[in-house]
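Notes follow the structure.
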Amino acid sequence: MNDFLAARSQMALSLGFHIVFSCIGMVMPFFMAIAHFLYIRTGNDIYKNITRAWSKGVAIFFATGAVSGTVLSFELGLLWPGFMKHAGPIFGMPFSLEGTAFFIEAIALGFFLYGWGRFNQWFHWITGVVVGISGLVSGILVVAANAWMNSPAGFDFVNGQYLNIDPIKAMFNDAWFSQALHMCIAAFAATGFAVAGIHALMILRKRNIAFHTTAFRIPALFACIAAILQPLSGDISAKDVARRQPAKLAAMEAHFKTEPASPLVLGGMPDPVAKEVKYGVEIPGLLSFMVYSDFHTPVKGLDQIPENDQPPVAITHYAFQIMVGLGMIMLGIALCYFVAIIRKKSWLRMPWLLRLFVIATPMGFIAVEAGWTVTEVGRQPWIINGVMRTADAVTPMPGIAYSFYIFTAVYISLSLIVTFLLYRQIRMVPEIYDIQTPSL
Amino acid sequence: MIFVVMAYLWAAILLYILLGGADFGAGIIELFTSEKNKAYTRSTMYQAIGPIWEANHMWLIIAIVVLFVGFPEIYTTVSTHLHIPLLIMLFGIIARGTAFTFRHYDAVKDNMQNVYNRIFVYSSFVTPFFLGVIAGSAVSGRIDPDANNFLDAYVYTWLNWFSVTVGFFTVAICGYLAAIFIIGETDDDNSRVRFIRKARQMNLAAAVFGALVFWAAHAEGIPLDKWIFDNPIGIIAIIAAVLSLGMLWYLLLKKGKVIIIRVLAGFQVTMILLAITMRHYPNIVILKGGRYLSLLEHAGQEKTIHSLAMALLLGSILILPALFYLLYSFRKSDAVEH
Ligand code: HDD
Ligand code: HEM
Ligand code: HEM
């Protein structure tokens, strides 16, 4: 493995790892806050036990998210010094604000996790909400930084010099809103389906049914709302990408030829040499419609983009298909669930509905990883779209492959341990969280 | 505005040494505690740092963000030429943070606890050691941006006696801070005596490694003694540190107020950092051949520095009151329900 590929893989691995924990860190505090609120309001101990069971899980995820985030802030320099040297001062604004958000999050988490029985219960509740809000804010900020790489703004690029830097403009670049919106909704969908799925499995296995049924409802509701909003926000994103990164859009859609009434390709295997998609289903005019809201305007294809400015088509296309496909399945599940709540209460007791949620457990997170692959691989060969090439940004230090192997081993072990810990938390529910006379 | 940013950078580094250091020290003390007292030491430490450990480590992130936003050339030079120790330190951070949390939140308490404990104590040693190595290397004059072979460019930059002794010195300081801190966390007289003994050992270790740092600097031709002793601020800072050390031990033996003892220990470390950095100011990285990277000359553009300073000021208004309230609320743990 050459050093450049190793550096890219290590970055992708670290980010792909971190994003799982950050989604949970952004969303779980809200689920806990709701359960906690219901406890304070109703005095029903089940809610208290759910809150505490979740908070233990969250503490584990949080620590892992915090260390993997710390690693990332060093890795930007370790792997991409050529990039950070110029980009740091321009896109640094969100990171400097994010520092505050993290700090508040860490402080609030201290109060929340260790504050049981020590503070006024509403103060304690508020600290949990603050954890969620600051997590969400930090997610939005860091995505704004990433959006700048897709849609650079706030500086003039003259003869290789970065002049007239304006960090505020850089932060509010063209892409930040669509990306941040889509990311926040994705975090709710992914975490919501994952948590709901685990509780659904426990109900199907007839373990602590009252506990798990109550715990299932909160994430399921959020996940389903998010799953309905997700395609809408994805449509905003796609239109946005078409405008600012036609090469990425063409790669996403495996759209090789510019022609009027551009077709939408479903499935299929892109063949970059023959410049065509094999075995795909083409729906004429639909791509034009999705991008420009009319069936005729041609959408720029890869034939209009210089060969050495084209992103890898196959990966981007597959990743996009996976994301959208999973998005559609989750949308379907969400619709079933709403029909069940509103019209057909009897469905709620049917095992098939719960089974759907069990199947959906990993879907949101797979879609998140796929979506980031679209965004990041689709930006290649640029690290700053149209300004700096990724190959010019990489560290001169040789032997990155070894650090990539070690990181891979470390992250695999960590994932295994976290899974193991989660498994133990769930297995201990009968003993710790759901006993007849709650002693907590 | 640049001075605001510099002040924050210095403060973040100091606070990381003090709070993060005491936190690392918790593991170091555990490493050097006899088997029969380990459990007590561990739970006392956990009670004290559990609620604040996340916050303790935020100072490092703040320092890094200030560096990469405000002083990108310093950040990228250091991360290129000290890639290897930074990487090891990162593995230490990963191992330590996760082991600390996992051992507490594992729902089943079985022999996995031994695994977490072992990882926690060793990484508590490795992480500050490499932090010290990195800090030492930054001023050692070994970093050579023009080096064209692997060893000179990426290995001898940090693998030298000076950097290594600074690493050990850092470990000893962390252990010392933690020992002083934990004295106030116990009500039991026996343990108190034991922690005081620990503090004395760590203090001695710090003195020995401090002397070794001077020896190594001398051997490697780094004018450390000159940096510290040829200017009044350096001399005053060192005298203040020594005086406060004497006072600290006097109060400790007299069972003086815990808070004063802690402040004295913090003051001492502050003075040491002041003495080391004052003479270098504003150069924080000394390169080979007398070149250097300066906080004034290698700062980002005006507007960047301005907005960075604003972000930091805004941040402190929000953070500091909340942080003080956190420290205050958990200042001495009564039996907390976890
Ligand atoms: C639960 C996860 C999830 C689901 C179901 C979807 N997405 Fe997505 N998508 C993401 C999670 C995600 C993401 C991981 O959050 C990304 C990566 C970068 C970003 O801003 O959001 C993303 C990126 C992303 C991009 C690239 C944005 C850019 O590069 O700026 C587009 C065009 C879409 N999405 C479109 C869609 C469409 C049309 C969907 C229809 C169902 C869809 N997404 C479902
Ligand atoms: C957490 C979600 C993210 C994921 C899963 C992700 C994924 C990836 C992937 C797959 C690559 C490799 C692309 C390739 O080389 O083909 C990559 C590269 C990179 N990403 Fe991201 N990314 C995420 C967010 C971010 C953010 C928020 C930033 C910065 C603010 C960022 C900065 C980078 C950089 C600097 C590279 C290396 C250069 C490049 O390949 O363009 N990423 N990321
Ligand atoms: C889209 C990408 C990202 C999102 C949505 C995101 C979000 C978050 C969130 C919500 C947390 C809080 C901790 C947790 O809940 O586990 C977190 C932690 C952290 N993230 Fe990320 N992050 C992203 C990418 C990055 C990148 C690229 C960096 C570094 C350059 C980074 C640096 C950090 C740091 C330093 C922490 C630790 C803060 C602490 O100690 O509490 N993150 N991230």
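These numbers come from the heavy atoms of this one structure, side chains and all, not from hydrogens, waters or symmetry mates. Quick note on labels: first sequence line is chain A, next is B, and so on, each numbered from 1.
- Residue B:Phe91 touches chain A through its side chain alone, counting heavy-atom pairs closer than 4.5 Å.
- When A:Ser403, A:Pro398, A:Gly99 are compared by the number of non-hydrogen pairs under 4.5 Å with chain B, A:Pro398 comes out ahead.
- In this structure, the side chain of A:His36 does not engage the main chain of A:Lys48 through any donor-acceptor pair within 3.5 Å.
- Annotation: maximal heavy-atom pairing with chain B below 4.5 Å, among A:Gly77, A:Gly82, A:Ser413, occurs at A:Gly77.
- When heavy atoms are compared at a cutoff of 4.5 Å, B:Tyr105 approaches chain A by way of both its backbone and its side chain.
- Chain A forms more heavy-atom pairs under 4.5 Å with one residue of B:Leu312, B:Ile84, B:Leu308, B:Leu87 than with any other, namely B:Leu87.
- Looking at A:Asn173, its side chain never comes within 3.5 Å of a backbone N or O of A:Pro152 through a donor-acceptor pair.
- A:Ser415 places a side-chain N or O within donor-acceptor distance of the main-chain N or O of A:Tyr411, the cut-off being under 3.5 Å.
- Taking a 6.0 Å sphere around CZ of B:Phe324, one finds it holds 12 or fewer heavy atoms contributed by other residues, nucleotides or ligands.
- With a 4.5 angstrom heavy-atom cutoff, A:Ser96 touches chain B via backbone and side-chain atoms both.
- Looking at B:Leu323, the atoms closer than 4.5 Å to chain A (heavy atoms on both sides) sit in the backbone and in the side chain alike.
- With hydrogens and angles ignored, the 3.5 Å screen pairs a side-chain donor or acceptor of B:Thr157 with a backbone N or O of B:His81.
- For B:Met310, no part lies near chain A; criterion is any non-hydrogen pair under 4.5 Å.
- Only the side chain of A:Leu421 comes within contact range of chain B, with heavy atoms under 4.5 Å apart.
- Smallest separation of non-hydrogen atoms from B:Ile94 and A:Val67: CA-CB, 4.0 Å.
- Of the two parts of A:Leu422, neither the backbone nor the side chain holds a non-hydrogen atom closer than 4.5 Å to a non-hydrogen atom of chain B.
- With B:Glu73 contributing its side chain and A:Lys85 its backbone, the two residues share no donor-acceptor pair below 3.5 Å.
- Contact of B:Ile62 with chain A is made through the side chain alone, with heavy-atom distances under 4.5 Å.
- Aromatic ring pairs are classed by plane angle as parallel below 30°, tilted from 30° to 60° and perpendicular above 60°; the pair A:Phe119 and A:Phe111 is perpendicular.
- Only the side chain of B:Tyr75 comes within contact range of chain A, judged by heavy atoms closer than 4.5 Å.
- The aromatic rings of A:Phe21 and A:Phe61 are tilted relative to each other, their planes meeting at an angle between 30° and 60°.
- Contacts between B:Tyr116 and chain A at a heavy-atom distance below 4.5 Å involve the side chain alone, from C-beta outward.
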